[in-house]
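Step one of this worksheet: look at the structure below.
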Amino acid sequence: MGIEIFLSGPHSKYYLELNSQSEFGHYNPEFPLKLREYLLPAKTNPSLYKLTLPIYESFIRNTAREFFIIYQKLDSNPKFFRKEADRYLLLVEENRLDPYYLDRFILFLYPAFTDNEDPEEASRFVYKKGDETIDAQVVKELVGFWIRRKADGTDTEFVLGLVELLKLYDSEFYQNRIVSRSN
């Protein structure tokens, strides 16, 4: 793509280091823009769309949906989302990030997920029935991805690309998610 993918972090050219206690990969803000440019040419090419739709449906659809579902729930409570990104940054800066830090998000998609036992202080989220069926390991990793993207400031560009992808290849899913949000 002609750019560095990461501006900083523990990753090497061939390996993603996901368990560092003292740093995480800060994406180059140009990277999600380049991804959209290179990976969504079917937007303007009907023949390419027809060729790539089966690839999307077989290999990408479930992952794209899971990324969007997690983002949507995090984004339903911007204060919580920002607080978690700031907490993550602080723990990394202080070299105190527990390797099991993200385990606290295993039940994130359950309706009763909370960050505080006191109902008056607990964070509120938009919930959609059926979301809790996503594998708990996937959930915690995707929550971690989005928290790190909020922390490095690339969350907006990544989600814009994800929305473009969903609108192009999975518009019914996307429309159902944005129209029928419930608590």
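T133 places a side-chain N or O within 3.5 Å of a backbone atom of G130 that can act as its donor or acceptor partner. In this structure, the side chain of D75 does not engage the main chain of Y71 through any donor-acceptor pair within 3.5 Å.
Using a 4.5 Å cut-off between side-chain heavy atoms of Ile, Leu, Val, Met, Phe, Trp and Tyr, with links allowed through other members, L33 and L40 fall into different hydrophobic clusters. By the criterion of side-chain heavy atoms lying less than 4.5 angstrom apart, applied directly or through intervening Ile, Leu, Val, Met, Phe, Trp or Tyr residues, L16 is grouped together with F145 in one hydrophobic cluster. Both V179 and L162 are part of a single hydrophobic cluster, where members link through side-chain heavy atoms under 4.5 Å apart. One hydrophobic cluster, built from ILVMFWY side chains closer than 4.5 Å, holds both F59 and Y38. Residue Y100 is not grouped with residue L97 when hydrophobic side chains (ILVMFWY) are merged at heavy-atom distances under 4.5 angstrom, including chains of intermediate members.
Atoms CG and CG, from D86 and L90 in turn, are 8.5 Å apart once rounded to the nearest 0.5 Å. Distance check: N176 CG to K128 NZ gives 6.0 Å after rounding to the nearest 0.5 Å. Here the CG atom belonging to D152 is positioned 8.0 Å from the CG atom belonging to L7, to the nearest 0.5 angstrom. Note that CZ of F125 and CG of L109 are 10.5 Å apart. Values are rounded to the nearest 0.5 Å. One finds the CG atom of D135 at 10.5 Å from the CD atom of E141 (value rounded to the nearest 0.5 Å). To the nearest 0.5 Å, atoms CG (D131) and CD1 (I70) are separated by 7.5 Å.
Among K150, K79, R104, the single residue meeting the salt bridge (Lys or Arg N to Asp or Glu O under 4.0 Å) criterion with E84 is R104. Under the side-chain contact (heavy atoms from CB on, under 4.5 Å) rule, Y169 has a single partner from I55, L53, I60, which is L53. D170 pairs with exactly one of R61, R65, R177 by the salt bridge (Lys or Arg N to Asp or Glu O under 4.0 Å) rule, that one being R65.
Between the side chains of Y127 and S76, no donor-acceptor pair is found at a separation under 3.5 Å.
Under a 4.5 Å side-chain heavy-atom cut-off, the cluster of Ile, Leu, Val, Met, Phe, Trp and Tyr residues that includes I106 is completed by L107, Y110.
Relative to the six-membered ring of Y49, K43 misses at least one condition, a distance below 6.0 Å or an angle of at most 45° to the axis.
Looking only at side-chain heavy atoms (C-beta outward), L142 and I69 stay at 4.5 Å or farther from each other. Between I178 and Y174, the closest side-chain pair of non-hydrogen atoms falls below 4.5 Å. Residues V126 and K73 have side chains not in contact (no heavy-atom distance under 4.5 Å, counting atoms from C-beta outward). Residues I134 and E132 are not in side-chain contact: their nearest non-hydrogen atoms beyond the backbone lie 4.5 Å or more apart. At a threshold of 4.5 Å between non-hydrogen side-chain atoms, the residues R87 and Y101 count as touching.
Between L48 and P41 the shortest heavy-atom distance is CD2-CG, 3.6 Å. Closest heavy-atom contact between A151 and A85: N-CB, 3.8 Å.
Outside the 6.0 Å centre-distance limit, the rings of F67 and F158 are not counted as a close aromatic pair. In this structure, the ring of F6 has its center no less than 6.0 angstrom from the ring center of F31.
Relative ring orientation between F108 and F80 is described as parallel, the plane-to-plane angle staying below 30° on a 0-90° scale split at 30° and 60°.
For CD of E4, the number of neighbouring non-hydrogen atoms (other residues, nucleotides, ligands) closer than 6.0 Å is 12 at most.
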Salt bridge (charged side-chain N to carboxylate O under 4.0 Å, His left out) evaluation trace for E157 with R149: CA-CA 9 Å; E157 290 303 328; R149 299 303 60 86; over 6 Å; no
Starting from the C-alpha separation in whole Å, work towards a yes-or-no answer on side chain to side chain contact (heavy atoms under 4.5 Å, CB included) for F105 and I147. CA-CA 11 Å; F105 296 109; I147 286 173; 3.9 Å; yes
